[in-house]
Amino acid sequence: MSDLLDELNSEQRAVAEQTEGPLLVLAGAGSGKTRAITYRIAHLIETHRVAPWSILAVTFTNKAADQMRERVARLLASRREQSPESMSGEGATPAAGADGRAKPLISTFHALCVRILRREIEALGYSRDFAIYDEDDQTRLLKACLNDLGLSDKLFTPRQALSRISYAKNQGISPEEMYQTARDSDTETLASIFGRYRDRLRAANALDFDDLLLKTVELFEKSVELADSYSRRFRYIHIDEYQDTNRVQYRLIRQLTRTHHNICAVGDEDQSIYRWRGASIENILRFEEDFREAKVLRLERNYRSTQVILDGASAVVSNNRARKGKNLWTERRTGRSIGVYQAGTAEGEAEFVAGEVAAALGANPNASVGVLYRTNAQSRLFEEAMRARRIQYRLVGGFSFYARAEIRDALAYARLAFNQRDTAAFLRIINTPPRGIGETTVAQIQALSRENRLTLWEALEEMLVRGKEGPMRTARALASFHALIQTLAEEGKRLRMAEFFRSLLDRTGYLAMLKDQNTPEAEGRIENLLELVNAVAAAEEAGENLTAFLDRAALVSDTDDYDERARVTLMTLHSAKGLEFDSVFLAGLEEGLLPHKMSMDDDAGLEEERRLCYVGMTRAKDRLVLTASATRRFWGEEGRRNTHRSRFLDEIPDKFTERLSSSGRVETNWQGAFNSRESVEQFLRTTGFESRLKPSRISAPIPAGSKWRRGNRVRHPKYGIGTVIACEGEGETEKLTISFPGYGAKKMLPHFATLEKA
DNA sequence: CAATATCGGGTTTTT
DNA sequence: CCCGATATTG
C-alpha cells in the first residue's frame, strides 16, 4: 500500500508526522492547511493506531467541521479500499459508528460544549434540558431586563448592551467584576443590566452562545477531575483558525490539554478578523510561551492564487506590525494583474461588477465567482445588478432558514413542550397564533412570576388556579393554551419526531392561521414549515433525537448552508474566510467602508481591517478585481456623498495592478452608452452640480422600450396572475400598477420585480 | 384584544 | 429604504 503521506508536500508532511507534543502550524492562505490536518488525523489512526474517538478537531463554523469530517472519512475509506484484507473484521468492531466505524470527533467549539454540557451541566445547577438562546431570544430578554430596571433604551440600545455584555463574557468578566472596575456611570449601569440579564437567563434555564463556552470552562474549573477525564479522552487535539480563539476558548483549550500537550493549533495571524468578538491574536503570537516544548511549522506554499495576487495581498498585509511574518509563494508565476476599477456611483460599481461577472461566466460557465464586500448593506446593489442581467447568484447572510419567524415559532413550541421553563419560547408563542391572550394578560403572568419567583409556566398555572379573577374568556384562553402545551409535551415523548412536528403545526392552529391569511407570503411560510418537517424527518433518519435537532438548529448560521454549486456568491468578507473562487470582486474599497469607519480610529482596529482586505484578496485563484466608487448614498439619503479611495489600494504597488476602464469591457452598445452617462454625471459632480439626469432608457440593462401595456396579463411569483391597469415612467423607473385578484392593486417596478407575461 | 396606519430611527463584522 | 415601536380604530 502506498504511503498515505506521499500525497503531501514536505511542509504538510512534517505537520502530519509531528504527532506528539504541542505543534503550532502557521498556515498561509491557500496553503492546504485543512489538507494537512485531515491527513494528520488519518495518519494518526492508520499508522499510529490511535483510537479515532480519542481524536478531537475543533473548528469555528459548522461548514468547516462538515468539510473536514467528510474529507477525513473519504480519506480513510479510500485507504481501506486499497487494502481490503486489513479490514476483514469489518462490522464486528465493538465501538462502531453508524457506518460500522468509530470516528474522530470533529466539531465546532459551540457544538462541542453543548455536547459536554448536555451530560454534565447539572453540576452547575442547571437542568440538562437547558435552552439555547440565539440572538433574537437574547435581544428580547435584554429588552425585558431594561424594563425591569426601569431604563429606557436611550442610554444603551439592546443591541449595544448585548454586544458589550458578550464581549465581557468572552473575556471571562462577570457582572460583579464589571461593576467594580467600571470607570464611569454608564458602565456601572451596564454592569447592572448584565447582572439582571445573567440572572434571568439562569432562571429560564437557558444559555446564550457565550454561555456555552463559558459554562463549560466553569464546569471544568469546578471539577478538575472532570476536566482531566475529558482531557484524557481527547488525547490528540486539533484547533483550526487558532488566531480567532478568544480568552474563554483559550482557557477551554488549556483545560482539555492539561493531561497531555498534544495540541496541534493551526492558524494564520494575518487572517484574524474576529477581534471585535474577543478573539485575541495574542493566543497565536504567544503559543510558544504557553507550550514550552512547542514546535512551529510553516506552510508557505500557496496552491490557490497566482503570484501577482499573492504579491498584491502580501503588500497590503505587510503594513501590519502585529504579525509573525511569512513568505507566501506559488508556482503559478503567470496571471492577470489585479484589476482596479473606480466607478462614479455605487450603482455604477455594481453594474461594472455584474458586467465583468457576465463576461467571466461567458468565457467559462463553470467558473466560480465571489463578490465580496465589507457590510451586508452593500449587497442590495449587487443583487439588483445581477438580477438585471439575469445572472443567477447566491446571497450568503441575511436571514437563514432557521431565523425565519415561522420556523422559530414552530421550534419555540417544540422547545416549550420539551422545557417549560424556556421563557423565550413561552413569550414567543403564548399568543401566536392569536388566541386571546393579549399584552395585559401576559404582563399579569410576568408580574406574578416576578413576585413569587415562579417561572412563567408556573405563573400561568397559578393564574389558572385563581381562575375567576380575570375575564372569563381570558381564563379559558389560558386554560386551552396550557392544555395545548401539555398535549404537545406528551406527544413529544410518544410520537416520532416528524409526526410530532406535523401534529404541533396542526394543534397549535399555526397552519390554519397561515392558510386563512391566504396571501403569497403565507404560502411561502407554509412551504418553509413543510421544509422544516422534512428537515426533522431527515434528522430522525440520521438518528438524531429532538434535543440534538434543536441544538443543531440553534447553532447553524448563514454561512453554513452556502452551496458550492452556485456559480456566483455574494457575501461579506467575514463570511468568505476559508472559501476560494476563480474570480473575486472585492467592492467598496473606500475609506470608511474598508477600512470601516467604526474601526479605523485605532491601530488595532485598522490592522484588523487590513487583514480583512487580505482575506478577501487571497480568496482569488485566477482573477482579482478591486472596485470603489467616487460617491455613495447612505441609508437611502437624498444626495450622494463623495468618498475617498481606500488607503489599502495605495498600499498595492502599481506594478501589480491594471486600471480597468469600463470601455475595456464593452460587449454591446448600450453598455457603452451607460458608461457615457456615468461620465456625464461625474463631470457634473466635479463642476459642482448634482446630476439631473434621469436614469436614461439606454442605461437600463434590460432592453429599452416598454414591453408592458395596459390590459396585459402578467404573472408574479407571489401574487399570481394579474392585469396591468396603469403604466408610468420608463426604463429603470417604469412603474406598473397591477391588479391581482384577491390582493388588490399593487405598484411595482418591472425592473426589479420578476414579472412574466401570462 | 386584534388589525391597521403612522412615525421615527438605524447598519460592521457572527458562533 | 426598511424595520419595529406606537397610536388609533374596529
Side-chain angles (χ1 to χ4, degrees), chain A residues 58-65 107-114 132-136 138-140 143 152-154 157-160 162-163 166-167 169-170 207-214 241 244-246 248-249 272-279 372-381 384 396-400 402-403 405 431-443 470-471 473-474 477 513 517 551-552 554-560 571-577 588 592-600 605 608-609 611-613 615-616 633-638 752:
Chain A
V58 185
T59 63
F60 274 80
T61 65
N62 293 301
K63 183 180 174 327
S107 155
T108 63
F109 267 107
H110 295 266
L112 170 70
C113 290
V114 170
I132 301 171
Y133 275 20
D134 68 9
E135 202 182 321
D136 193 56
Q138 290 181 60
T139 314
R140 287 158 189 266
K143 277 181 197 155
S152 78
D153 46 16
K154 288 288 180 297
T157 67
R159 271 179 75 94
Q160 283 169 336
L162 217 43
S163 109
S166 171
Y167 190 82
K169 282 184 156 187
N170 284 319
L207 272 61
D208 65 15
F209 283 139
D210 303 321
D211 282 340
L212 295 176
L213 304 170
L214 206 52
E241 311 280 15
D244 284 334
T245 50
N246 61 34
V248 175
Q249 286 159 339
S272 165
I273 55 176
Y274 287 103
R275 193 181 69 106
W276 50 274
R277 217 170 63 193
L372 312 182
Y373 35 79
R374 178 67 176 85
T375 69
N376 274 310
Q378 285 166 263
S379 71
R380 205 192 88 244
L381 290 175
E384 285 168 4
V396 176
F399 268 95
S400 85
Y402 288 99
N431 201 31
T432 316
R435 52 171 65 87
I437 307 176
E439 262 174 73
T440 7
T441 314
V442 173
R473 60 160 200 235
T474 306
M513 167 185 77
Q517 286 177 7
D551 284 349
R552 202 160 50 83
L555 296 177
V556 293
S557 72
D558 306 334
T559 8
D560 294 331
M571 66 176 120
T572 64
L573 288 165
H574 283 87
S575 304
K577 188 158 76 153
L593 205 51
L594 184 65
H596 196 273
K597 62 172 181 303
M598 300 299 277
S599 42
M600 56 193 277
E608 176 139 317
E609 296 292 311
R611 291 191 291 269
L612 216 33
C613 183
V615 166
R633 203 196 297 274
F634 288 93
W635 301 323
E637 66 193 7
E638 271 302 300
F752 298 129

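Below, read A as the first sequence line, B as the second, and so on, with proteins coming before strands; counting in each chain starts at 1.
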* How is A:Phe60 classified with respect to the nucleic acid when contacts are heavy atoms under 4.0 Å: base, sugar-phosphate, or nothing? -> sugar-phosphate
* Residues that A:Arg140 engages under side-chain contact (heavy atoms from CB on, under 4.5 Å), provided they are two or more places apart -> A:Asp136, A:Arg428
* Asked: Base, sugar-phosphate alone, or nothing: which one does A:Arg275 contact when heavy atoms must sit under 4.0 Å apart?
  -> nothing
* Asked: Please give, in whole Å, the distance from B:dT13 P to A:Arg277 CZ?
  -> 13 Å
* Structure fact -> Separation of B:dT14 atom P from A:Phe209 atom CZ, nearest Å, is 13 Å
* Structure fact -> 5'-most contact on DNA chain B (nearest-nucleotide basis), A:Arg159 vs A:Phe109, goes to A:Arg159
* Partner residues of A:Ser599 under the side-chain contact (heavy atoms from CB on, under 4.5 Å) criterion, sequence neighbours left out -> A:Arg374, A:His596, A:Glu609
* Is there a stack between A:Trp276 and B:dT13, judged by ring centres under 5.5 Å and planes under 30°? -> yes
* Output yes when at least one side-chain N/O atom of A:Asn376 is less than 4.0 Å from OP1 or OP2 of B:dT14, else no. => yes
* To do: With sequence neighbours left out, write down each residue that passes side-chain contact (heavy atoms from CB on, under 4.5 Å) with A:Arg435, or none if nothing qualifies.
  => A:Tyr413, A:Asn431, A:Pro433, A:Ile437, A:Phe481, A:Leu484
Could you go over nucleotides 5-8 of chain C and give all protein N or O partners under 3.5 Å, atom names and distances?
{"unit_1": "C:dA5", "atom_1": "OP1", "unit_2": "A:Lys143", "atom_2": "NZ", "d": "2.8"}

* **Pair of N/O donor and acceptor under 3.5 Å linking B:dT12 base with A:His596 side chain** => no
* Structure fact -> Separation between CZ (A:Arg159) and OG (A:Ser166), nearest 0.5 Å, reads 12.0 Å
Please write out the pairs of protein N or O atoms and N or O atoms of nucleotides 2-6 of chain B separated by less than 3.5 Å, giving the distance to one decimal.
{"unit_1": "B:dA2", "atom_1": "OP1", "unit_2": "A:Asn431", "atom_2": "ND2", "d": "3.2"}
{"unit_1": "B:dA2", "atom_1": "OP1", "unit_2": "A:Gly436", "atom_2": "N", "d": "3.1"}
{"unit_1": "B:dA2", "atom_1": "OP2", "unit_2": "A:Asn431", "atom_2": "ND2", "d": "3.0"}

* Asked: How would you list, by chain and number, every residue that makes a salt bridge (charged side-chain N to carboxylate O under 4.0 Å, His left out) with A:Glu241, sequence neighbours excluded?
  -> A:Lys33, A:Lys577
* OP1 or OP2 of B:dT13 under 4.0 Å from side-chain N/O of A:Ser575 -> no
* **Partner set under ring-ring contact (aromatic ring centres under 6.0 Å, His included) for A:Tyr373, not counting sequence neighbours** => none
* **Side-chain N or O of A:Thr441 closer than 4.0 Å to phosphate OP1/OP2 of B:dC1** => yes
* A:Arg611 has an atom CZ; how far is it from atom C1' of B:dT12, in whole Å? -> 15 Å
* **Between NE2 on residue A:His110 and CZ on residue A:Phe60, distance to nearest 0.5 Å** => 7.5 Å
* Who passes ring-ring contact (aromatic ring centres under 6.0 Å, His included) against A:Tyr133, sequence neighbours left out? -> none
* Structure fact -> Residue set satisfying salt bridge (charged side-chain N to carboxylate O under 4.0 Å, His left out) with A:Asp210, at least two apart, ordered chain then number -> none
* To do: Check the distance between B:dT15's P and A:Tyr274's OH and give it to me in whole angstrom.
  => 6 Å
* Asked: Side-chain N or O of A:Thr572 less than 4.0 angstrom from OP1 or OP2 on B:dT14?
  -> yes
